[in-house]
Structures are given as structure tokens and as C-alpha cells.
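Working notes, beginning with the structure itself.
Reminder, nothing fancy here: chain letters follow the sequence lines and each chain counts from 1. Since this is a predicted model, take the numbers as computed values, not measurements.
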Amino acid sequence: MQYFLVKSEPFKYSWDQFNKDKRTFWDGVRNYQARNNLKEMKEGDLVLFYHSNEGKDVVGIAKVVKEFYQDPTTEDKNWVVVDLEPVQSLKKPVTLATIKADERLKDVSLVKQGRLSVMQLKAEEFDRIVELGS
DNA sequence: GCCAACGTTGGC
DNA sequence: GCCAACGTTGGC
């Protein structure tokens with residue numbers, strides 16, 4: 001089991017919208033490092049959903065329901081998507097400020113590499129964020 | 001709205 | 001293959 005965090009700008013694709021849709025394919029990744037992380041995802045892996053720009057907080061948990069496949073929105077073979085389903089919302093969204101302030105979350109890529117849109121988390125980091133959000 | 005960080009592109 | 005220029009992302 002692996003853990004990830006994905007970012008989305010709420011006005012492009014929000015957690016609310018995701019919950020209405022019940023399922024989505026995660027498209028729009030155009031960065032090789034993020035793409036490589038997408039390819040690491042296996043069915044059943046858990047994914048934190050982060051709102052960038054607006055909110056700047058982790059709002060919920062999703063899970064991978066289909067491993068990577070060719071991005072249907074482009075012909076370019078370089079890019080892939082995965083299918084995600086919402087699992088649950090966090091009771092309290094965990095803000096970036098909270099994550100930055102937490103000793104145990106100092107090393108998460110969200111803090112260290114702000115621009116990366118798909119990143120892997122350690123199990124401890126995932127658990128800690130979920131704990132902070134409940 | 002500005003600017004820093006960083007990835008990508010293209011000239012040499 | 002290096003590096004400067006440029007574009008994009010995202011926090012503030």
C-alpha cells in the first residue's frame with residue numbers, strides 16, 4: 001500500500017465537484033516527475049486531495065480505482081491518468097500552515113517542492129495528516 | 001498582483 | 001552537453 005497527495009485548484013476541479021462526480025480520471029499532469037508518481041499508483045492506494053491557491057488545505061481522502069493509462073485528453077503518449085474515487089472528507093481541513101508547523105511533516109514534498117502536483121507520502125506522513133484532520 | 005522556485009527549451 | 005532565457009505554478 002502506498003500513499004500519495006494530489007493538488008487541484010478548486011475553481012478548476014474541487015473536492016465538492018469530485019464528490020458529486022463519484023469518480024474521475026486525474027488528467028492535466030504535464031510534469032515528468034508528477035507523471036512518474038502517477039505511474040506508481042496502484043489500485044487501492046490512498047490519495048490525499050489538496051486544494052492549491054484557494055484554501056491551501058488538504059480536504060479529503062481518495063483512493064485509486066484504476067491504474068495509469070493513456071491520457072484521453074491528448075494524443076501525446078507521454079501523459080497518463082489514473083481513476084480516483086472519493087473515500088471521505090476530513091472533518092477539519094488541514095492547512096498548509098499546519099503542515100509546515102508540524103515537526104513530523106517537515107519533509108513532505110508539499111513543503112519542500114511547492115510546484116509538484118502529484119507526490120508520494122510516507123505512511124507516517126499520511127497518517128499524521130489524517131490525524132490532524134479528524 | 002507580485003515574485004520566487006523550478007522545469008523546459010533552444011542556441012551554442 | 002551546458003547554460004541562459006523563458007514560462008508556469010503557487011504562496012503570500
- Modelled atom types, side-chain donor and acceptor of Asp127(A) and Tyr3(A), under 3.5 Å: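 The answer is no; no qualifying pair exists.
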
- Message: Could you check whether Gln70(A) and Glu75(A), counting side-chain N and O atoms only, form a donor-acceptor pair closer than 3.5 Å?
- Response: no

[X] [atom1] to [N] [atom2]: how many Å, rounded?
X: Met119(A); N: dG10(C); atom1: CE; atom2: C1'; result: 11 Å
X: Tyr50(A); N: dG10(C); atom1: OH; atom2: P; result: 9 Å
X: Asn53(A); N: dC3(B); atom1: CG; atom2: C1'; result: 14 Å
X: Glu54(A); N: dG1(B); atom1: CD; atom2: P; result: 14 Å
X: Lys56(A); N: dG10(C); atom1: NZ; atom2: P; result: 13 Å
X: Asn31(A); N: dG7(C); atom1: CG; atom2: C1'; result: 13 Å
X: Arg35(A); N: dT8(B); atom1: CZ; atom2: P; result: 10 Å
X: Asp76(A); N: dT8(B); atom1: CG; atom2: C1'; result: 14 Å

- Item | Student check: side-chain heavy atoms of Val94(A) and Asp57(A) closer than 4.5 Å | no

- Does NZ or CZ of Lys122(A) come closer than 6.0 Å to the centre of the six-membered ring of Phe126(A), within 45° of the ring's axis? no

- Message: Between Tyr32(A) and Trp79(A) (judged by ring centroids, cut-off 6.0 Å), do the two rings come close enough to count as a pair?
- Response: yes

- Message: Does the plane of the ring in Trp26(A) sit parallel, tilted or perpendicular to the ring in Tyr13(A)? Use 30° and 60° as the thresholds.
- Response: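 The rings of Trp26(A) and Tyr13(A) stand perpendicular, inter-plane angle above 60°.
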
- Query: Is it true that atom NZ of Lys12(A) has more than 12 heavy atoms of other residues, nucleotides or ligands lying nearer than 6.0 Å?
  - Reply: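 No, NZ of Lys12(A) has 12 or fewer neighbouring heavy atoms, counting only those of other groups under 6.0 Å.
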
- Task: Please state whether the phosphate of dC6(B), meaning OP1 or OP2, lies under 4.0 angstrom from any side-chain nitrogen or oxygen of Tyr32(A).
- Result: no

- Rounded to the nearest 0.5 Å, what's the gap from NE2 on His51(A) to CG on Asp16(A)? Could you check?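 CG of Asp16(A) is found 7.0 Å from NE2 of His51(A).
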
- Between residues 7-15 of chain A and DNA chain B, which residues have a heavy-atom gap below 4.0 Å? none

- Task: Consider only side-chain heavy atoms of I, L, V, M, F, W and Y, link residues closer than 4.5 Å, and tell whether Tyr50(A) and Leu105(A) are in one cluster.
- Result: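 Yes, it is one cluster - the side chains of Tyr50(A) and Leu105(A) are joined through contacts under 4.5 Å.
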
- Message: Give the residues of residues 105-116 of chain A touching DNA chain C, defined as any heavy atom closer than 4.0 Å, sorted by residue number.
- Response: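 Residues of residues 105-116 of chain A that come under 4.0 Å of DNA chain C are, in numerical order, Gly114(A), Arg115(A).
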
